[in-house]
Engineer: 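Take a look at the following structure, please.
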Amino acid sequence: MHFGLWTDFYKGGRGVAVLVMGIMALAACQTPTPPPTQRPIPQPGPNQTPIARPTPIKPEPQPTGPIGVILPHMEGRDLVRIGLLLPFSANSSTLRDEARSMLNAAQMALIKSGDPRLVLLPKDTGGTASGARSAANAVIRDGATIILGPVLGSAVSAAARPARRAQIPMIAFSTDNSVAGNGVYLLSFLPEADMKHMIGFIKQQNIIAFEKFAVLRPDAKMLVADDSIAGLALLRPDNAYGDRIESALFAQTPEAGLFITDIARYSRNAESMSAPAKQIAHVTERNEAISTWKDEGGIGDPGLDPSFVFSLPYQAIFIPESGVQLRSLAPLLPFYDVDPKITRFIGTSLWNDEDLLREPALFGGWFPAPNARARAVFTDSYERAFNEKPGRLASLAHDGVLIVPQSLVDARNGLKIDPGLIKHPEGFRGADGLFRFGEDGLVERVLSIFEIRQGSFREIKPAAEHFELPEDDDDTAVF
């Protein structure tokens with residue numbers, strides 16, 4: 001069987017299932033990895049012509065090379081073995097589901113690459129540091145040219161030690177930036193990068209608001225446009241992710257001409273969220289202002305009385321939360337009179353979740369995320385191949401595989417990964433748009449800015465088409 005048959009078969013929507021069998025056979029003589037759940041091949045409807053299935057080929061395994069067996073159609077090729085370290089048997093069902101989805105996406109990218117030299121070596125980390133170390137050693141023994149994964153920061157740190165000793169680059173999926181560098185690259189979505197995009201967007205919107213206001217008011221320099229943002233509040237989880245968001249906020253706001261007025265922390269359960277929400281909403285100060293207004297003769301709704309003076313010290317509030325916790329937290333703010341029509345709610349890429357479209361408190365909120373068109377192409381391809389939506393991290397494994405053939409060089413002792421190509425300044429285009437790696441091993445992405453509307457995410461600032469390059473770099477081609 002030649003590679004073109006794999007590709008044609010995949011286009012019919014069934015090749016991935018057969019490819020899994022081949023991939024798993026390659027690693028069968030070493031550490032077995034739980035294969036992803038296979039779904040039945042869709043049957044044609046009553047008015048459709050059945051599609052002929054290719055006759056299965058049963059090759060005789062030939063012992064050769066470090067992985068033990070090579071299928072006949074791959075004999076004689078200089079293979080590039082890609083170690084894929086994922087938590088297939090982790091205690092967390094969420095992690096197990098993500099691992100299965102990431103393996104699916106990696107297989108999809110393998111076919112998309114069109115490179116018959118690429119071989120996946122999936123290994124189970126169990127979601128632990130010791131499991132990751134063992135899995136890394138296993139793929140190194142199997143002749144891995146590069147390692148993709150693991151997912152968790154502790155697992156990346158453990159797997160990096162044998163990878164560095166063997167001088168094998170690792171593209172991992174953790175958000176723990178402390179494990180990057182010295183041959184380890186992080187392909188995840190980093191909170192610091194999310195904040196950089198959002199702070200930059202706020203600064204840009206303030207400039208636009210000032211320019212519009214200046215047309216109407218010659219003395220605009222002495223005034224602030226009603227729709228500009230100067231003060232920021234932060235309502236954050238009391239964990240390491242929240243710490244990184246807070247640090248990034250303090251580091252990035254001064255240059256943008258913004259200032260932080262309030263910070264409140266909460267534990268990630270619904271019962272602990274009410275008090276921090278009241279704190280960030282200045283409920284005590286508001287009630288005192290209402291009491292003073294009533295003592296001075298105020299009647300009815302103070303919000304309708306121009307003589308009532310109270311306003312929050314900020315115009316936007318960052319809420320770096322996700323999922324059920326965000327859907328529990330966000331409604332508390334309007335309940336305590338933080339009006340999302342007046343105060344802008346802002347999130348991170350964690351908000352790129354369609355379940356949030358059902359939460360009215362978040363309507364009008366802003367968040368950064370990958371370009372909508374690039375992501376839609378990936379999602380559509382995945383759903384057609386596997387009849388389900390991809391997991392949140394699936395695109396990372398997909399893009400990791402696509403990096404490999406674009407970073408290969410023909411060395412004296414075979415094909416190798418060139419770190420210089422991994423860090424190419426023009427980057428790579430993947431399921432999450434354009435990205436590149438810095439000298440520190442951290443990923444840099446171009447992201448779009450979205451606004452949550454009822455029933456949809458509206459892309460209000462499309463991602464850039466290219467990275468800015470040094471002026472003396474004349475090469476404008478993008479991988």
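The structure displayed is predicted, hence computed values, not measured ones.
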Engineer: Going by atom types only, do Tyr314 and Asp262 share a side-chain donor-acceptor pair under 3.5 Å?
Structural biologist: no
Engineer: Could you label the plane-to-plane angle of the Phe457 and Phe367 rings as parallel, tilted or perpendicular, counting under 30° as parallel and over 60° as perpendicular?
Structural biologist: perpendicular
Engineer: Pair Arg100, Glu388 - check salt bridge (Lys or Arg N to Asp or Glu O under 4.0 Å), show working.
Structural biologist: CA-CA 12 Å; Arg100 179 180 59 81; Glu388 65 182 14; 2.7 Å; yes
Engineer: Test side-chain contact (heavy atoms from CB on, under 4.5 Å) on Leu84 and Val139; report intermediate values, then the result.
Structural biologist: CA-CA 8 Å; Leu84 182 62; Val139 295; over 6 Å; no
Engineer: Might you point out which heavy atoms bring Gly300 and Pro302 nearest each other, and give the distance in Å?
Structural biologist: O-CD, 3.4 Å
Engineer: When you look at Leu120 and Gln107, which way does the side-chain contact (heavy atoms from CB on, under 4.5 Å) test go after all the steps?
Structural biologist: CA-CA 8 Å; Leu120 276 179; Gln107 294 162 6; 4.1 Å; yes
Engineer: When you measure from the centre of the six-membered ring of Phe467, is the NZ or CZ of Arg436 closer than 6.0 Å and no more than 45° off the axis?
Structural biologist: yes
Engineer: Applying side chain to side chain donor-acceptor pair (under 3.5 Å), run through Ser174 and Asp176 and close with a yes or a no.
Structural biologist: CA-CA 5 Å; Ser174 169; Asp176 182 358; 5.2 Å; no
Engineer: Do the side-chain N and O atoms of Asp194 and Ser349 include a donor-acceptor pair separated by under 3.5 angstrom?
Structural biologist: yes
Engineer: I'd like to know if the side chain of Ser448 reaches the main chain of Pro462, judged simply by a donor and an acceptor atom lying under 3.5 Å from each other, with no hydrogens or angles considered.
Structural biologist: no
Engineer: Do Leu190 and Arg244 make a side-chain contact, defined as non-hydrogen atoms from C-beta onward lying under 4.5 Å apart?
Structural biologist: yes
Engineer: Do we see a donor-acceptor contact under 3.5 Å between the side chains of Tyr266 and Glu321?
Structural biologist: yes
Engineer: If every non-hydrogen atom of Asn182 is compared with every non-hydrogen atom of Arg164, which pair is closest and at what distance?
Structural biologist: O-NE, 2.9 Å
Engineer: Measuring from atom CD1 of Ile417 to atom OG1 of Thr145, what distance do you get when rounded to the nearest 0.5 angstrom?
Structural biologist: 6.5 Å
Engineer: For Phe318 and Phe345, I'd like to know if the aromatic rings sit close, meaning centre-to-centre distance below 6.0 Å.
Structural biologist: no
Engineer: Checking Leu249 against Met195 for the side-chain contact (heavy atoms from CB on, under 4.5 Å) test, could you report, in this order, the C-alpha distance in whole Å, the side-chain angles of both residues, the deciding distance, and whether it holds?
Structural biologist: CA-CA 7 Å; Leu249 195 62; Met195 296 302 291; 3.4 Å; yes
Engineer: Show your reasoning for whether salt bridge (Lys or Arg N to Asp or Glu O under 4.0 Å) applies to Arg453 and Glu451.
Structural biologist: CA-CA 6 Å; Arg453 299 290 181 89; Glu451 182 174 291; 2.6 Å; yes
Engineer: In Å, rounded to the nearest 0.5 Å, how long is the span from CG of Asp97 to CZ of Arg392?
Structural biologist: 12.5 Å
Engineer: Which is it for Lys389 and Glu354 under the salt bridge (Lys or Arg N to Asp or Glu O under 4.0 Å) test, yes or no, and what are the steps along the way?
Structural biologist: CA-CA 12 Å; Lys389 290 185 177 181; Glu354 291 186 355; 3.5 Å; yes
Engineer: Can you check whether Ile452's main-chain N or O pairs, donor with acceptor, with Arg458's side chain at less than 3.5 Å?
Structural biologist: no
Engineer: Is there a side-chain contact between His282 and Tyr336 in this structure, where contact means two heavy atoms from C-beta onward sitting under 4.5 Å apart?
Structural biologist: no
Engineer: Can you tell if the side chain of Leu235 reaches within under 4.5 Å of the side chain of Pro276, non-hydrogen atoms only?
Structural biologist: yes
Engineer: If every non-hydrogen atom of Ala158 is compared with every non-hydrogen atom of Arg133, which pair is closest and at what distance?
Structural biologist: CB-NH2, 3.8 Å
Engineer: Is the charged tip of Arg445 near the ring of Phe435: under 6.0 Å from the six-membered ring centre and within 45° of its axis?
Structural biologist: yes
Engineer: Would you please test Ser267 and Asn269 for side chain to side chain donor-acceptor pair (under 3.5 Å) and show each step?
Structural biologist: CA-CA 6 Å; Ser267 300; Asn269 59 74; 4.8 Å; no
Engineer: Counting only heavy atoms from other residues, nucleotides and ligands, does the tally under 6.0 Å from NZ of Lys423 exceed 12?
Structural biologist: yes
Engineer: Does Ser157 reach the main-chain N or O of Gly153 with its side chain, forming a donor-acceptor pair under 3.5 Å?
Structural biologist: no
Engineer: Could you check if a side-chain atom of Phe189 sits within less than 4.5 angstrom of a side-chain atom of Pro370, using non-hydrogen atoms only?
Structural biologist: yes
Engineer: Which heavy atom in Pro331 sits nearest to a heavy atom in Leu326, and how many Å separate them?
Structural biologist: CD-O, 4.2 Å
Engineer: Counting distance only, does the side-chain N/O of Thr343 pair as donor-acceptor with the main-chain N or O of Pro340 below 3.5 Å?
Structural biologist: no
Engineer: Pick out which of Leu86, Val156, Leu186 makes a side-chain contact (heavy atoms from CB on, under 4.5 Å) with Phe173.
Structural biologist: Leu86
Engineer: For residues Met273 and Ser328, determine if any side-chain heavy atom of one lies less than 4.5 Å from a side-chain heavy atom of the other.
Structural biologist: yes
Engineer: Assess the side chains of Tyr382 and Ser395: does a donor N or O sit below 3.5 Å from an acceptor N or O?
Structural biologist: no
Engineer: Got a second to check how far Lys294's NZ is from Ile290's CD1, nearest 0.5 Å?
Structural biologist: 6.5 Å
Engineer: Side-chain donor-acceptor pair under 3.5 Å between Thr348 and Tyr241, yes or no?
Structural biologist: yes
Engineer: Is it true that atom CG of Asp380 has more than 12 heavy atoms of other residues, nucleotides or ligands lying nearer than 6.0 Å?
Structural biologist: yes
Engineer: So, the side chain of Ser134 versus the backbone of Ser130: is there a donor-acceptor pair under 3.5 Å, distance only?
Structural biologist: yes
Engineer: Give, for atom CD of Glu255 and atom NZ of Lys196, the distance between the pair rounded to the nearest 0.5 Å.
Structural biologist: 9.5 Å
Engineer: Could you walk me through whether Leu402 and Arg429 pass side-chain contact (heavy atoms from CB on, under 4.5 Å), step by step?
Structural biologist: CA-CA 9 Å; Leu402 291 185; Arg429 293 191 188 277; over 6 Å; no
Engineer: Are Pro419 and Tyr185 close enough that some pair of their side-chain heavy atoms sits under 4.5 Å apart?
Structural biologist: yes
Engineer: Measure the shortest side-chain to side-chain distance between Met198 and Ile449 over non-hydrogen atoms and say whether it is less than 4.5 angstrom.
Structural biologist: yes
Engineer: Pair Phe201, Trp366 - check ring-ring contact (aromatic ring centres under 6.0 Å, His included), show working.
Structural biologist: CA-CA 10 Å; Phe201 181 68; Trp366 292 340; 5.0 Å; yes
Engineer: Counting only N and O atoms by type, is there a donor-acceptor contact under 3.5 Å from the side chain of Thr125 to the main-chain atoms of Gly127?
Structural biologist: yes
Engineer: Hey, is the main chain of Leu393 close enough, under 3.5 Å, to the side chain of Glu98 for a donor-acceptor pair?
Structural biologist: yes
Engineer: Between the main-chain N or O of Ala193 and the side-chain N or O of His197, is there a donor-acceptor pair closer than 3.5 Å?
Structural biologist: yes
Engineer: Please give me the minimum heavy-atom distance between Ile229 and Leu258, naming the atom from each residue.
Structural biologist: O-CD2, 3.2 Å
Engineer: Roughly how far, to the nearest 0.5 Å, is CD1 of Ile280 from CG of Leu234?
Structural biologist: 7.0 Å
Engineer: Where do Glu459 and Ala463 come nearest, in terms of heavy atoms and distance?
Structural biologist: OE2-N, 4.2 Å
Engineer: Measuring from atom CD1 of Ile319 to atom CZ of Arg236, what distance do you get when rounded to the nearest 0.5 angstrom?
Structural biologist: 14.0 Å
Engineer: State whether the side chain of Gln315 and the backbone N or O of Leu232 hold a donor-acceptor pair below 3.5 Å, judged by distance alone.
Structural biologist: no
Engineer: Show, in sequence, the C-alpha distance, side-chain angles and deciding distance for Ser407 and Asp418, and conclude whether the side chain to side chain donor-acceptor pair (under 3.5 Å) test is met.
Structural biologist: CA-CA 6 Å; Ser407 303; Asp418 182 351; over 6 Å; no
Engineer: Give a yes or no answer on whether the side chain of Gln279 reaches the backbone of Ile263 with a donor-acceptor pair at less than 3.5 Å.
Structural biologist: yes
